[in-house]
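Here is the structure we will look at.
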Amino acid sequence: MKVNNVELVISAAKPHQYPADGLPEFALAGRSNVGKSSFINRMIGRKSLARISSKPGKTQTLNFYKIENELFFVDVPGYGYAKVAKTERAAWGQMIETYMTDRKPLFACVQIVDLRHAPSADDVAMYEFLKHHEIPAIVIATKADKIPKGKWQKHLKVVKETLDFDPLDDIIVFSSETGLGKDEVWKAVKKRMYEQKEYEAELRNEQKEIDE
């Protein structure tokens, strides 16, 4: 997918601030220093639309990026940064949970992990949260450029085993530096959009049959 039009529509802290477009949304979740902003910038072909902070834990809102008037990437606050006050982390956690469990346009969560290391306890907790609430996941194993290509599958196996990965989800080896995996991510996003629309169409047909 070639991105020509993209804009940060709003940085929202409350549900009433969320966009009312009804476009498909994909939440971006990951540890504070895992490279979510770099991932966004690579995916949309921009160098600095998503700000890359030198201070992990800085994002405190849900940042809605509208892409080609077709969908939103929703960057959520990073998790697992110890220097953020517990009360602040709790507030962010509640904001994220409310968004992910109540937001109807949410089609899937893109969870970003570091391919170089086994997923952290926070990574595992996030993935288990998605599974518990039946939220489709696209797992991005980023920073592949930091390890030899011959070791990718070995590291990917560790990621899958640590997460207890669901084979119905997608997992993609990625690099924000080289663009590796970019096309595969867009394919996974498009697939989720298609599946969701098919599901919604089935529900409408079933309801129509009941009404008749």
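Source: prediction; values computed, not measured.
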- Query: Step by step, would you call Met43 with Val3 a side chain to side chain contact (heavy atoms under 4.5 Å, CB included)?
  - Reply: CA-CA 8 Å; Met43 290 300 298; Val3 177; over 6 Å; no

- Query: So how far is it from Ile67 CD1 to Glu7 CD, rounded to the nearest 0.5 Å?
  - Reply: 11.0 Å

- Query: In terms of hydrophobic clusters joined by side-chain contacts under 4.5 Å, are Leu156 and Ile138 together?
  - Reply: no

- Could you walk me through whether Val113 and Val159 pass the side chain to side chain contact (heavy atoms under 4.5 Å, CB included) test, one step at a time? CA-CA 8 Å; Val113 300; Val159 171; 4.1 Å; yes

- Residue pair Lys190 / Glu70, side-chain heavy-atom distance below 4.5 Å: yes

- Query: Checking Asp21 side chain against Leu23 main chain: does a donor-acceptor pair fall under 3.5 Å?
  - Reply: no

- Query: About how many Å separate NZ of Lys131 and CD of Glu134, when rounded to the nearest 0.5 Å?
  - Reply: 8.5 Å

- Nearest heavy-atom approach of Leu106 to Ala27 is CD1-N, 3.6 Å

- Query: Do Asp145 and Thr178 pass the side chain to side chain donor-acceptor pair (under 3.5 Å) test, and can you show the C-alpha distance, the side-chain angles, and the key distance before you say yes or no?
  - Reply: CA-CA 7 Å; Asp145 56 287; Thr178 67; 5.6 Å; no

- Query: Hey, is CG on Asn205 packed in by over 12 heavy atoms from elsewhere, all under 6.0 Å?
  - Reply: yes

- Message: For the backbone of Ser11 and the side chain of Gln17, can you confirm whether one donor and one acceptor N or O come within less than 3.5 Å of each other?
- Response: no

- Rounded to the nearest 0.5 Å, what separation is found between the CE atom of Met126 and the CG atom of Leu163? 11.5 Å

- Minimal non-hydrogen separation, Ala12 against Thr61, with atom names: O-CB, 3.4 Å

- Message: Between Asn41 and Ser38, does the side chain to side chain donor-acceptor pair (under 3.5 Å) criterion hold? Intermediate values first, please.
- Response: CA-CA 5 Å; Asn41 288 330; Ser38 296; 5.7 Å; no

- Query: Going by heavy atoms in the side chains, are Val74 and Asn63 under 4.5 Å from each other?
  - Reply: no

- Apply the test side chain to side chain contact (heavy atoms under 4.5 Å, CB included) to residues Thr142 and Ser176: give CA-CA distance (whole Å), side-chain angles for both, the deciding distance (0.1 Å), then the verdict. CA-CA 7 Å; Thr142 194; Ser176 295; 4.1 Å; yes

- Message: For a 4.5 angstrom cut-off between non-hydrogen side-chain atoms, does His133 reach Thr101?
- Response: yes

- Item | Spatial distance of atom CG (Asn5) from atom CD1 (Ile44) [nearest 0.5 Å] | 11.5 Å

- Item | Inter-residue atom distance Lys143.NZ - Ile112.CD1, 0.5 Å rounding | 10.0 Å

- Identify the two heavy atoms, one from Pro19 and one from Arg103, that lie closest to each other, and give their separation to 0.1 Å. O-NH2, 2.7 Å

- Message: Working to the nearest 0.5 angstrom, can you tell me the gap between Leu62 CG and Thr98 OG1?
- Response: 9.5 Å

- Task: Please report the C-alpha distance between Glu25 and Tyr99 in whole Å, then the side-chain angles of each, then the deciding distance to 0.1 Å, and finally whether the side chain to side chain donor-acceptor pair (under 3.5 Å) criterion is met.
- Result: CA-CA 11 Å; Glu25 295 173 7; Tyr99 168 73; 2.7 Å; yes

- Do Glu161 and Lys157 have side-chain heavy atoms sitting under 4.5 Å apart? yes

- Query: Are Val189 and Phe39 connected, step by step, through hydrophobic side chains (Ile, Leu, Val, Met, Phe, Trp, Tyr) whose heavy atoms are closer than 4.5 Å?
  - Reply: yes

- Would you call Asp170 and Lys187 a side-chain contact if the rule is heavy atoms closer than 4.5 Å? no

- Message: To check you understand the geometry: which heavy-atom pair defines the closest contact between Arg192 and Ala137, and what is its length?
- Response: NH2-O, 4.1 Å

- Any donor-acceptor N or O pair under 3.5 Å, side chains Tyr127, Asp169: yes

- Message: Determine whether Phe64 and Tyr18 satisfy the following criterion, ring pair (Phe, Tyr, Trp, His ring centres under 6.0 Å), listing intermediate values before the conclusion.
- Response: CA-CA 8 Å; Phe64 287 77; Tyr18 300 164; 5.4 Å; yes

- Item | Residue pair Trp186, Phe73: steps toward the ring pair (Phe, Tyr, Trp, His ring centres under 6.0 Å) verdict | CA-CA 12 Å; Trp186 280 124; Phe73 275 172; 5.5 Å; yes

- Message: In the structure I gave you, are the side-chain heavy atoms of Met1 and Glu68 within less than 4.5 Å of one another anywhere?
- Response: yes

- Taking the side chain as C-beta and beyond, is there a heavy-atom pair between Ile147 and Trp152 under 4.5 Å? yes

- Query: Does Phe174 belong to the same Ile/Leu/Val/Met/Phe/Trp/Tyr cluster as Phe165, with side-chain heavy atoms less than 4.5 Å apart forming each link?
  - Reply: no

- Heavy-atom pair with the smallest gap, counting every atom of Met95 and Ala13: SD-O, 3.5 Å

- Item | Residues Val110, Ile140; criterion side chain to side chain contact (heavy atoms under 4.5 Å, CB included); working and verdict | CA-CA 7 Å; Val110 179; Ile140 306 300; 3.4 Å; yes

- Answer yes if the ring centres of Phe26 and Phe72 are under 6.0 angstrom apart, and no otherwise. no

- According to a 4.5 Å side-chain heavy-atom criterion applied to Ile, Leu, Val, Met, Phe, Trp and Tyr, with indirect links allowed, do Val6 and Val185 form part of one hydrophobic cluster? yes

- Any side-chain heavy-atom pair from Ile40 and Leu28 closer than 4.5 angstrom? yes

- Same cluster (ILVMFWY, side-chain, under 4.5 Å), Ile135 and Tyr79: yes

- Does a salt bridge link Arg31 with Asp122, judged by any charged N lying under 4.0 Å from a carboxylate O? no

